[in-house]
Amino acid sequence: MVKNYSDSQLLKRVQELESFRGFPLGYWVLGVRSQADIINKFDDKFYIWFSNGNEEINQKFITVLKGTTNPGYTILKGGFKKYNRLGAAVVKSNIWFYDVYKYGLHRGKMPALRQRRNKPMLYHRDKNLNGKSEELGEVYNNVIYTNFHGSTYNEKNPVTKDNINSWSAGCQVVNENKKYFELMKKFALASLNQKYFTYCLIKEF
């Protein structure tokens, strides 16, 4: 599991990224990818922030959730062929993806942040079938709907999963579903005024 950080440590790190061009207004999401990357486990974290302005002092920490920024074992061991024979999508880390998401539904079933049609994300294709998610080889830049969503469709029974398996084929997936659905209610209200949501993904440091 990703180690704990202070607010200032995280905000300092994201400002150091080459793609940083200021903090977005409203809610934004920070994913932290575990260096250990335990195969098929939800060992990453998502930090949720609310921004009142472009300066670090205007960033308000909301909550942190456990999840994964990597595809699951089922996908990495060949399940990716159902989606793309080039390999499983692994979103490139240490990048800001500004205004990449819009509030909506994942697969028409779950409230989520959906990748916008005209907002590509950088990612790799992992096809070596070793079951471990890796950022290797060519970098692609397309819209493949790597959404931000939970690990269950059942809000009334928001269980957590033991393994990722096919819950991520490249999506950023939360595995604390009670907290997730509560967060989505905040995002739903925010979306009345906040049209788009920004995502930043970094590696554990």
Side-chain angles (χ1 to χ4, degrees), residues 2 4-11 13-15 17 19-33 42 44-69 91 93 95-121 143-161 164 167-202:
V2 170
N4 295 323
Y5 295 99
S6 68
D7 292 1
S8 60
Q9 285 176 314
L10 290 170
L11 294 173
R13 178 68 188 113
V14 299
Q15 290 177 87
L17 300 178
S19 55
F20 177 72
R21 60 173 192 265
F23 290 105
L25 291 174
Y27 287 102
W28 59 277
V29 180
L30 170 61
V32 182
R33 177 173 285 158
F42 293 91
D44 302 330
K45 289 183 180 179
F46 298 103
Y47 295 83
I48 311 301
W49 300 84
F50 185 85
S51 174
N52 284 311
N54 193 34
E55 302 298 325
E56 182 176 325
I57 195 173
N58 299 118
Q59 310 311 305
K60 179 184 178 183
F61 170 72
I62 303 300
T63 191
V64 60
L65 308 100
K66 299 173 185 177
T68 184
T69 65
V91 176
S93 61
I95 300 284
W96 279 87
F97 299 101
Y98 286 94
D99 294 338
V100 71
Y101 288 135
K102 186 173 183 178
Y103 179 81
L105 293 176
H106 175 67
R107 295 193 171 184
K109 301 177 183 179
M110 181 195 306
L113 297 184
R114 286 180 50 82
Q115 187 179 1
R116 295 171 58 198
R117 293 181 181 179
N118 62 340
K119 283 289 182 178
M121 295 177 79
V143 175
I144 55 172
Y145 296 103
T146 49
N147 301 332
F148 177 82
H149 64 79
S151 63
T152 181
Y153 293 114
N154 190 352
E155 183 176 358
K156 293 181 180 179
N157 184 25
V159 297
T160 56
K161 299 289 189 299
I164 303 167
W167 271 100
S168 174
C171 287
Q172 313 298 283
V173 182
V174 173
N175 195 37
E176 289 188 88
N177 291 297
K178 184 177 180 180
K179 288 174 68 175
Y180 173 79
F181 284 111
E182 290 171 355
L183 177 66
M184 284 301 116
K185 289 172 184 175
K186 287 185 173 67
F187 284 0
L189 287 173
S191 69
L192 298 175
N193 298 303
Q194 182 180 344
K195 201 169 182 181
Y196 307 124
F197 295 80
T198 289
Y199 181 53
C200 179
L201 174 61
I202 61 174

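In this text the structure is predicted, and so the values were computed from the model without any measurement.
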Pairing donors with acceptors under 3.5 angstrom, does anything connect the side chains of [X] and [Y]?
X    : Y    : answer
S51  : N58  : no
T152 : N177 : no
K45  : N4   : yes

Side chains of [X] and [Y]: does their closest heavy-atom pair fall under 4.5 Å?
X    : Y    : answer
F42  : K66  : no
Y47  : T63  : no
F148 : R114 : no
S93  : I202 : no
R13  : F20  : no
L25  : N52  : no
S151 : V174 : no

Between [X] and [Y], what is the shortest heavy-atom contact and its length?
X    : Y    : answer
L105 : P111 : CD2-N, 3.8 Å
S168 : V173 : CB-CG2, 3.7 Å
H149 : C171 : NE2-CB, 3.3 Å
V14  : W96  : O-NE1, 2.9 Å
L65  : E176 : CA-OE2, 3.2 Å
T68  : I164 : OG1-CD1, 3.3 Å

Does [Y] offer a backbone N or O that forms a donor-acceptor pair with the side chain of [X] under 3.5 Å?
X    : Y    : answer
Q59  : G53  : yes
N147 : A112 : no
R33  : D44  : no
Q9   : Y5   : no
K60  : F50  : no
D99  : T198 : no
Q115 : K119 : yes
K179 : V64  : yes

Rounded to the nearest 0.5 Å, what separation is found between the [atom1] atom of [X] and the [atom2] atom of [Y]?
X    : Y    : atom1 : atom2 : answer
L10  : E56  : CG    : CD    : 10.0 Å
L201 : S19  : CG    : OG    : 10.5 Å
C200 : I95  : SG    : CD1   : 8.5 Å
R21  : N54  : CZ    : CG    : 11.0 Å
E155 : F181 : CD    : CZ    : 5.0 Å

### Output field: ring centroids Y199/Y98 closer than 6.0 Å
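When the ring centroids of Y199 and Y98 are compared, they turn out to be at least 6.0 Å apart.
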### Task
Would you please indicate if the ring centroids of Y101 and W28 are separated by under 6.0 Å?
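Not under 6.0 Å, so no.
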### Message
Quick one, V29 with W49, criterion side chain to side chain contact (heavy atoms under 4.5 Å, CB included). Give me CA distance, side-chain angles, the key distance, then yes/no.
### Response
CA-CA 6 Å; V29 180; W49 300 84; over 6 Å; no
Identify every side-chain donor-acceptor pair in residues 183-197 under 3.5 Å, counting partners at least two apart or on other chains, and give the distances.
| from | atom 1 | to | atom 2 | distance (Å) |
| --- | --- | --- | --- | --- |
| S191 | OG | A188 | O | 2.6 |
| Q194 | OE1 | Y27 | N | 2.9 |
| Q194 | NE2 | Y27 | O | 2.8 |
| Q194 | NE2 | Y196 | O | 3.0 |
| Y196 | OH | R116 | NH2 | 3.3 |

